[in-house]
J.: 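Pasting a structure below so you can have a look.
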Amino acid sequence: MRIIPASFYRGDDVESIASALLGKILVTRHHDRITSGRITETEAYKGVDDKACHAYGGKRTPRNEVMYAEGGHAYVYICYGIHFLFNVVTNRKDHPDAVLIRSIHPIAGVPTMLDRADKPDLKPNLAAGPGNLTRALGITMDHSGLTLFGPGLHIADDGQQLSNNDIIATPRIGVESAGVDALRLYRYIIRGNKYVSGRRTDPRKA
DNA sequence: GAGTAGATCCTCT
DNA sequence: GAGGATCTACTCA
């Protein structure tokens with residue numbers, strides 16, 4: 001198991017990076033409590049040209065400033081006032097691409113995750129969906145701006161390989177206000193994996 | 001099993 | 001003051 005190097009995040013093809021992150025291991029350590037899980041669902045957000053992206057049109061605010069940092073940083077923000085959402089910043093400095101990590105398959109520290117999520121036993125939704133994921137892993141605004149190579153937060157590769165057949169691309173969730181950009185196949189999930197957010201309504205049906 | 005509505009509060013305009 | 005990259009419980013078939 002090795003920590004993914006900075007070069008992995010600094011390419012300019014955020015779609016490739018988003019699909020390549022599937023199967024990798026996301027690890028957090030907080031007060032010596034280690035929690036980790038295999039990434040099963042991601043979404044690509046393609047910088048200034050993507051209407052669903054916080055940096056669309058070059059928008060730059062204190063909140064999204066981290067997106068303009070060099071690839072390999074964590075971008076965490078609060079959504080709907082209650083959920084933390086965890087993104088991986090990609091591309092070079094001043095190119096604000098990001099990959100939203102939506103779901104993991106819990107591996108290490110399951111009791112800790114259950115404790116944080118206030119759930120009695122392990123179910124597929126323990127860390128499925130971006131809000132549930134950050135809650136289970138203990139990710140908060142304190143993690144925003146950190147690099148993904150430190151002891152408290154990193155993404156590792158345990159050598160597992162996924163073929164193109166194992167990966168499904170779908171439209172992203174919850175971004176219908178982004179018009180045609182909402183239809184782009186920028187969401188990636190592992191085929192047949194239970195540990196994926198189970199939103200039951202398709203935002204495109206309307 | 002599928003669809004709907006309410007909770008909740010930060011950020012930006 | 002409006003809107004948002006969500007989640008969960010509830011209702012209905």
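Note on naming: letters A, B, ... go to the chains in the order of the sequence lines (proteins, then strands), and numbering restarts at 1 for each one.
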J.: Would the number of heavy atoms belonging to other residues, nucleotides or ligands and lying under 6.0 Å from NZ of K51(A) be above 12?
T.: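 Count not over threshold, so no.
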J.: State whether the distance check finds a donor on one side and an acceptor on the other, under 3.5 Å, for side chain Y77(A) versus base dA5(C).
T.: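 Yes, a donor-acceptor pair under 3.5 Å.
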J.: Could you please name the option among dT8(B), dT8(C), dA5(C) that lies closest to any side-chain atom of I82(A)?
T.: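 Among the listed nucleotides, the one closest to the side chain of I82(A) is dT8(B).
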J.: Would you say the side-chain atoms of H73(A) and Y9(A) include a donor-acceptor pair closer than 3.5 Å?
T.: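 No - no donor-acceptor pair under 3.5 Å links their side chains.
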J.: Do E65(A) and R60(A) meet the salt-bridge criterion of a basic N to acidic O distance under 4.0 Å?
T.: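 So R60(A) pairs with E65(A) through a salt bridge.
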J.: Does the structure show a Watson-Crick or G-U wobble partner for dA5(C), both distances under 3.5 Å? Name it, or say none.
T.: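 Here dA5(C) is not engaged in any pair, so there is no nucleotide opposite it.
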J.: Looking at dA5(C) and Y45(A): do their rings stack (centroid distance under 5.5 Å, interplanar angle under 30°)?
T.: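 Taking the rule of under 5.5 Å and under 30°, the ring of Y45(A) does stack on dA5(C).
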J.: Is a donor on one side and an acceptor on the other found under 3.5 Å between the side chain of R135(A) and the backbone of A117(A)?
T.: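 Indeed, once roles are kept as given, a pair shorter than 3.5 Å links the two residues.
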J.: Should K24(A) and D158(A) count as an ion pair when the cut-off is N to O under 4.0 Å?
T.: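 Salt bridge flag = no for D158(A) with K24(A).
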J.: Could you write out each protein N or O paired with an N or O of nucleotides 11-13 of chain B at a distance under 3.5 Å?
T.:
residue	atom	partner	partner atom	Å
dC12(B)	OP1	T61(A)	OG1	2.3

J.: So do V76(A) and L85(A) actually touch side chain to side chain, heavy atoms under 4.5 Å?
T.: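 Not in contact.
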J.: Please report, rounded to the nearest Å, how far the P atom of dA9(C) is from the CG atom of D118(A).
T.: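 Spelled out: CG on D118(A) to P on dA9(C) is 11 Å.
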J.: Contact class for N87(A) vs. all strands (heavy atom < 4.0 Å): base, sugar-phosphate, or nothing?
T.: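 Counting heavy atoms under 4.0 Å across all strands, the contact made by N87(A) includes a base.
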J.: Rounded to whole Å, please give me the gap between CG in L100(A) and P in dT6(C).
T.: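 It is 8 Å, rounded to the nearest whole Å.
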J.: Does a side-chain N or O of R135(A) approach OP1 or OP2 of dT6(C) to a distance below 4.0 Å, or not?
T.: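 No.
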J.: dA5(C) phosphate, OP1 or OP2: any side-chain N/O from H83(A) under 4.0 angstrom?
T.: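 Negative; the distance criterion is not met.
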J.: In this structure, how many angstroms lie between the C1' atom of dA5(C) and the NZ atom of K51(A), rounded?
T.: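 Spelled out: NZ on K51(A) to C1' on dA5(C) is 15 Å.
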J.: Taking OH from Y80(A) and P from dA2(C), how many angstroms apart are they, rounded to a whole number?
T.: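 The distance from OH of Y80(A) to P of dA2(C) comes to 17 Å, rounded to the nearest Å.
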J.: In whole angstrom, give the distance that lies between atom CZ of F86(A) and atom C1' of dT6(C).
T.: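 Checked: the CZ to C1' distance equals 18 Å.
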J.: Please determine whether a side-chain nitrogen of the Lys or Arg among D13(A) and K46(A) lies less than 4.0 Å from a carboxylate oxygen of the Asp or Glu.
T.: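 Result for this pair is no, no salt bridge flagged.
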J.: Of the candidate nucleotides dT8(C), dA5(C), dC7(C), which contains the atom at the shortest distance from the side chain of P130(A)?
T.: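 Comparing dT8(C), dA5(C), dC7(C) against the side chain of P130(A), the answer is dC7(C).
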J.: If I take atom CZ in residue F84(A) and atom P in nucleotide dC10(B), what distance separates them, rounded to the nearest angstrom?
T.: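 After rounding, the gap between these two atoms is 10 Å.
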